[in-house]
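Structure first, commentary second.
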Amino acid sequence: MDRVAVIGASMTEFGERDAWLRELLAEAGEACLDDANVSPRAVDHLYVSNMASGEFEGQTGVPNALAHDLGAMPAYTQRVDQTSASGGAGIYSAWQSVASGASDLTLLVGGEKMTHRTTAEATDVIASLTHPAEYKHGVTLPSFAGLTARRYLHEYDAPRESLAKVAVKNHRNGLDNPHAQFRKEVDLETVMDSPVVADPLRLYDFCPITDGSAALLFCPESTAEEYVDEYTVISGVGGATDTHVVHERTDPTVMGAAVESSDIAYEMADREPDDVDVAELHDMFTILEFLQSEAVGFFDQGEGWRAVEQGITDRDGDLPINTSGGLKSKGHPLGASGVAQAYELHQQLLGDAGARQVDAEVALACNVGGFGNCVTTTIMEEA
């Protein structure tokens, strides 16, 4: 089977945007096609990663509308919804369409429009992905995060400051990302003194509500050089699910779906965790960076916090994590986040990440839906 190449990539500015979802998707899609110098008419398949266009904006039929807006008819279109892991699931779908031979050129655009809603309204839309029994009792993802963070700190004797250091690190990285929602540094004291949201997590332990879009263009590796001189490849991709009811898990500090999906991706890519040079993890809450870094095999169970304390995950560390600023600083437009992770890694592997650049040949992205309910892990490599 021919490997799948990424020959174009783009990302809009993340944050509070005046544009509606269709405009955001078209902005990223057009920029991605321009990046590869490809005509919209050449696209065979067009996928849109989006969680809740209907709930947030009352807009349905988004993929069809995007094909029209880009001039990509008569491409086959499909929306990919896997809650906050929709972007990663979109990568999996786009990869499958090319790897199977069904498409010679597949465009994936992920996006979400959220900021026009109040925080309470947006939180309620996101909370709808929880189990009905949990939702009925007012359980939200922040509450899961707080409970899990408390358990983790207790079980592994981790200091509360270690979580705050994730936020400090990712804000520092986001300072150099021109697309990031928050381009400002924060210090440890600011994070530790911010208002409590779900004890022990505070305001700066959470990512913001965001508008934005990102896009990737895929083709068989055998034809990649017909379009561009430099490209990356998807060498491994895996997806998995965990229990829908979080309290049914044996240990909530273990992200089982991240373990399973990364194992599949590593096997496909014939790689191991030690081979990864840079990673983008789904830090919707700071505690998730610890849990995912352990689940994908970078660190032993309960040791992720030590890696942050020791500077291993800093941009100049042995394993840089979230060079983009992560969801924490870059922002989290649900359907776009997984695509934007891959955009960052594509830039890193091509040496086009500017001030954020690290030395990387193998990269990993982990995109999480809910509180680990579903996960897609992608391994990318320089060609």
With distance as the sole test, does [X] use its side chain to make a donor-acceptor pair with the main-chain N or O of [Y] at under 3.5 Å?
| X | Y | value |
| --- | --- | --- |
| S329 | G326 | no |
| E272 | Y266 | no |
| N177 | S324 | yes |
| S49 | S86 | yes |
| D283 | T286 | no |
| N64 | T77 | no |

Are the side chains of [Y] and [X] in contact, using a 4.5 Å heavy-atom criterion?
| X | Y | value |
| --- | --- | --- |
| K165 | W305 | no |
| F14 | H179 | no |
| F299 | P273 | no |

task = Answer yes if V4 and Y92 sit in the same cluster of Ile, Leu, Val, Met, Phe, Trp and Tyr residues linked by side chain heavy atoms under 4.5 Å apart, and no otherwise.
result =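 Yes; Y92 is reachable from V4 via cluster members.
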Per-pair distances, 0.1 Å, donor-acceptor, side chain in residues 355-372, under 3.5 Å, sequence neighbours excluded:
unit_1, atom_1, unit_2, atom_2, d
R356, NE, E344, OE1, 3.2
R356, NE, E344, OE2, 3.2
R356, NH1, D176, O, 3.2
R356, NH2, E344, OE1, 2.9
Q357, OE1, D352, N, 3.3
Q357, OE1, A353, N, 2.9
Q357, NE2, Q348, O, 2.9
Q357, NE2, Q348, OE1, 3.2
N367, OD1, G88, N, 2.7
N367, ND2, S84, O, 3.3
N367, ND2, H282, ND1, 3.0

Could you tell me whether [X] and [Y] have a side-chain N and a carboxylate O separated by less than 4.0 Å?
| X | Y | answer |
| --- | --- | --- |
| R172 | D314 | yes |
| K169 | E289 | yes |
| R306 | D300 | no |

If we ignore angles and hydrogens, is there a donor and acceptor under 3.5 Å between the side chains of D211 and T115?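 Distance-only check passes for D211 and T115.
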**Prompt:** Regarding S235 and E381, is there a side-chain donor-to-acceptor distance under 3.5 Å anywhere?
**Reply:**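 Checked: S235/E381 side chains pair up, N/O donor to acceptor below 3.5 Å.
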#### Entry: By salt bridge (charged side-chain N to carboxylate O under 4.0 Å, His left out) - contacts of E221 (at least two apart)
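Result, salt bridge (charged side-chain N to carboxylate O under 4.0 Å, His left out) vs E221: R3.
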